[in-house]
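Handing you a structure now.
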2 protein chains.
Amino acid sequence: MAAAREPRRDLAAMLVPLGRALTAAELPLLAEHGLSMWAYAVLLRLEAEPLRSQAALAESIGADKTRIIEVLTALESRGLISRTPDPADRRVRLLALTPEGSRVRDAAQSAIQSREDRLLAHYLPPTQRTPFLTALATLSALPPESLTDPDL
Amino acid sequence: MAAAREPRRDLAAMLVPLGRALTAAELPLLAEHGLSMWAYAVLLRLEAEPLRSQAALAESIGADKTRIIEVLTALESRGLISRTPDPADRRVRLLALTPEGSRVRDAAQSAIQSREDRLLAHYLPPTQRTPFLTALATLSALPPESLTDPDL
DNA sequence: GCTTATCGTCTGCCCGCGCATATCATCTGT
DNA sequence: ACAGATGATATGCGCGGGCAGACGATAAGC
């Protein structure tokens with residue numbers, strides 16, 4: 001038997017439902033800005049500095065590149081992103097956030113994070129909030145292969 | 001503009017991919033014990049003391065009651081759970097973990113949590129681990145409606 | 001005894017996701 | 001100049017999850 005440890009629930013058993021609930025809480029806030037979750041993920045990922053290639057964008061946000069096409073088309077048509085052929089290789093698209101896109105992204109994120117701040121303030125003591133967020137930021141920044149490494 | 005806050009990512013944006021990666025990391029460990037994720041969720045939820053009704057079980061683990069039937073049938077046929085009509089109301093099934101079910105559940109959970117302990121030890125400083133787990137336990141214990149409360 | 005409701009089981013449907021394939025335009029290497 | 005590869009786009013398919021409805025057995029209330 002492994003060394004005794006304090007009884008606790010599995011990390012995934014705690015993280016998955018929590019993530020799902022917080023995602024559900026985001027949806028109405030995003031809807032207020034006319035955004036789907038995928039659209040919001042795109043806005044979070046892009047910046048004024050152009051990102052090279054839709055395939056790279058899809059990969060970095062965990063989306064299917066064939067499914068992201070219409071999300072980008074809708075965002076572009078609303079003027080929230082720009083999508084231009086790379087002069088160096090006209091197969092490739094350069095993607096960038098527009099000022100309007102920054103504004104919408106910031107407004108949505110502000111609403112979401114204000115709500116999250118109130119949630120954390122309501123349910124966690126101050127001494128736990130910063131370590132919790134720091135640890136969560138650390139773990140979520142790890143590449144997935146570090147997290148699923150079988151030799152860990 | 002809301003009061004300035006330290007820049008951070010949205011909670012869901014950190015929690016969802018982390019939960020997904022840790023779920024993926026669990027799958028091979030569960031497979032070693034012949035368990036699917038739903039089967040494991042059932043074993044985690046049940047105990048020697050019978051739980052009254054399959055519908056209640058399904059609801060408490062977030063499963064579709066019509067989909068859980070075959071999971072229970074497979075677990076019962078392996079002798080990991082018992083499933084008996086309630087003498088007080090023979091429509092209802094009483095569900096309980098068997099000693100063998102406890103053993104398999106404990107072995108799987110031990111493998112999972114040992115791995116999680118190593119992950120946390122590897123990537124988080126000691127001062128962050130306990131507050132992180134405590135906060136996570138607190139938040140994940142909240143009913144979903146507290147987390148999605150629009151008036152928060 | 002009859003009506004209504006509930007539990008468990010089975011089946012169907014829809015949707016989103018993941019993956020695959022095909023096509024066109026474009027690029028690279030020979 | 002040509003063959004092969006790549007990026008973007010469109011489409012199809014299978015699977016899992018969520019939900020609904022139907023059915024048989026059982027229970028509760030009148």
Side-chain angles (χ1 to χ4, degrees), chain A residues 12-13 16-17 19-21 23-24 26-27 30-31 35-42 45-46 50-77 81-96 144-145 148, chain B residues 12-13 16-17 19-21 23-24 26-27 30-31 35-42 45-46 50-77 81-96 144-145 148:
Chain A
V16 170
R20 185 174 295 141
T23 298
E26 279 189 27
L27 294 180
L30 292 176
L35 297 174
S36 68
M37 186 64 70
W38 282 119
Y40 181 56
V42 168
R45 179 62 182 78
L46 293 182
L51 176 71
R52 188 173 201 277
S53 110
Q54 294 183 180
L57 169 64
E59 170 142 8
S60 73
I61 67 175
D64 183 82
K65 60 181 186 289
T66 68
R67 298 299 173 201
I68 209 177
I69 306 294
E70 63 193 63
V71 177
L72 296 177
T73 302
L75 288 172
E76 183 184 23
S77 73
I81 68 168
S82 68
R83 194 184 189 187
T84 54
D86 184 347
D89 184 339
R90 290 201 308 282
R91 292 171 298 175
V92 170
R93 296 289 179 268
L94 300 180
L95 303 161
E145 52 270 20
T148 56
Chain B
V16 170
R20 185 173 295 139
T23 298
E26 279 190 25
L27 294 180
L30 292 177
L35 297 173
S36 68
M37 186 63 71
W38 282 119
Y40 181 56
V42 168
R45 180 63 183 77
L46 293 183
L51 177 72
R52 187 174 202 275
S53 111
Q54 295 182 180
L57 169 67
E59 171 141 7
S60 73
I61 66 174
D64 183 81
K65 61 181 186 289
T66 66
R67 298 299 174 199
I68 210 177
I69 307 293
E70 64 193 64
V71 176
L72 297 178
T73 302
L75 288 172
E76 183 184 25
S77 73
I81 68 169
S82 67
R83 193 185 190 186
T84 53
D86 183 347
D89 184 339
R90 291 201 308 281
R91 292 171 298 176
V92 168
R93 296 287 178 272
L94 300 180
L95 304 161
E145 52 271 19
T148 56

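Labels below follow one simple rule: chain letters A, B, ... track the order of the sequence lines, proteins then strands, and each chain is numbered from 1. Since this is a predicted model, take the numbers as computed values, not measurements.
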With a 4.0 Å cutoff (strictly under), does any side-chain N or O of B:Arg67 reach OP1 or OP2 of D:dA20?
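Checking D:dA20 against B:Arg67, no side-chain N or O comes under 4.0 Å of OP1 or OP2.
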
Within the pair B:Trp38 and D:dG17, is there a side-chain N or O less than 4.0 Å away from OP1 or OP2?
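Yes.
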
Could you give the CD1-to-P distance, from B:Ile61 to D:dG17, as a whole number of Å?
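One finds 11 Å between P of D:dG17 and CD1 of B:Ile61, rounded.
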
Any A:Pro85 side-chain heavy atom under 4.5 Å of A:Arg93 side chain
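In contact.
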
Could you check if a side-chain atom of A:Glu76 sits within less than 4.5 angstrom of a side-chain atom of A:Leu95, using non-hydrogen atoms only?
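Contact flag for A:Glu76/A:Leu95 side chains = no.
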
When we call it a touch if two heavy atoms are under 4.0 Å apart, what does B:Arg83 touch: a base, just sugar-phosphate, or nothing?
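Touches sugar-phosphate only.
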
Side chain of B:Arg91, heavy atoms from C-beta onward: which of D:dT9, C:dT6, D:dC19 has the nearest atom to it?
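Out of D:dT9, C:dT6, D:dC19, the nucleotide with an atom closest to B:Arg91's side chain is C:dT6.
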
Quick one: which of D:dG7, D:dA27, D:dT9 gets closest to the side chain of B:Asp89?
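Among D:dG7, D:dA27, D:dT9, the one nearest the side chain of B:Asp89 is D:dA27.
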
Residue met sooner reading DNA chain C from 5', once A:Gly62 and A:Asp86 are mapped to nucleotides
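Checking each residue's closest nucleotide, the 5'-ward one belongs to A:Gly62.
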
With a 4.5 Å heavy-atom cut-off, do A:Leu46 and A:Leu75 have their side chains touching?
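No - every pair of side-chain heavy atoms lies 4.5 Å or more apart.
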
At 4.0 Å (heavy atoms only), tell me whether B:Thr66 reaches a base, stays on the sugar-phosphate, or touches nothing.
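Base contact - B:Thr66 has a heavy atom under 4.0 Å of at least one base atom.
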
Give the rounded distance in Å between these two atoms: CD1 of B:Ile81 and C1' of C:dG8.
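Interatomic distance, CD1 of B:Ile81 to C1' of C:dG8: 14 Å.
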
A:Ile69 CD1 to D:dG7 C1': how many Å, rounded?
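Nearest whole value for this atom pair: 9 Å.
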
Atom-to-atom span, CD of A:Glu70 to P of D:dA8 - whole angstrom
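Rounding to the nearest Å, CD of A:Glu70 and P of D:dA8 are 16 Å apart.
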
Rounded to whole Å, how long is the line connecting atom CZ of B:Arg20 with atom P of D:dG16?
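That distance rounds to 16 Å.
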
Just how far, in rounded Å, is P of C:dT6 from CD of B:Gln54?
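Result: 17 Å.
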
Within 6.0 angstrom of B:Arg20 CZ, more than 12 heavy atoms from elsewhere
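Atom CZ in B:Arg20 is not packed in, count stays at 12 or less.
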
Would you mind telling me which of C:dC27, C:dT9, D:dA27 lies closest to the side-chain atoms of A:Arg90?
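So the side chain of A:Arg90 is nearest to C:dC27.
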
Can you tell me the distance, in whole Å, between the CD atom of A:Glu59 and the P atom of D:dT6?
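Rounding to the nearest Å, CD of A:Glu59 and P of D:dT6 are 14 Å apart.
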
Crowded around B:Glu145 CD? As in, over 12 foreign heavy atoms under 6.0 Å?
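Counting other residues, nucleotides and ligands, CD of B:Glu145 exceeds 12 neighbours.
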
To the nearest Å, give me how far apart CG (A:Leu94) and P (D:dG7) are.
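After rounding, the gap between these two atoms is 13 Å.
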
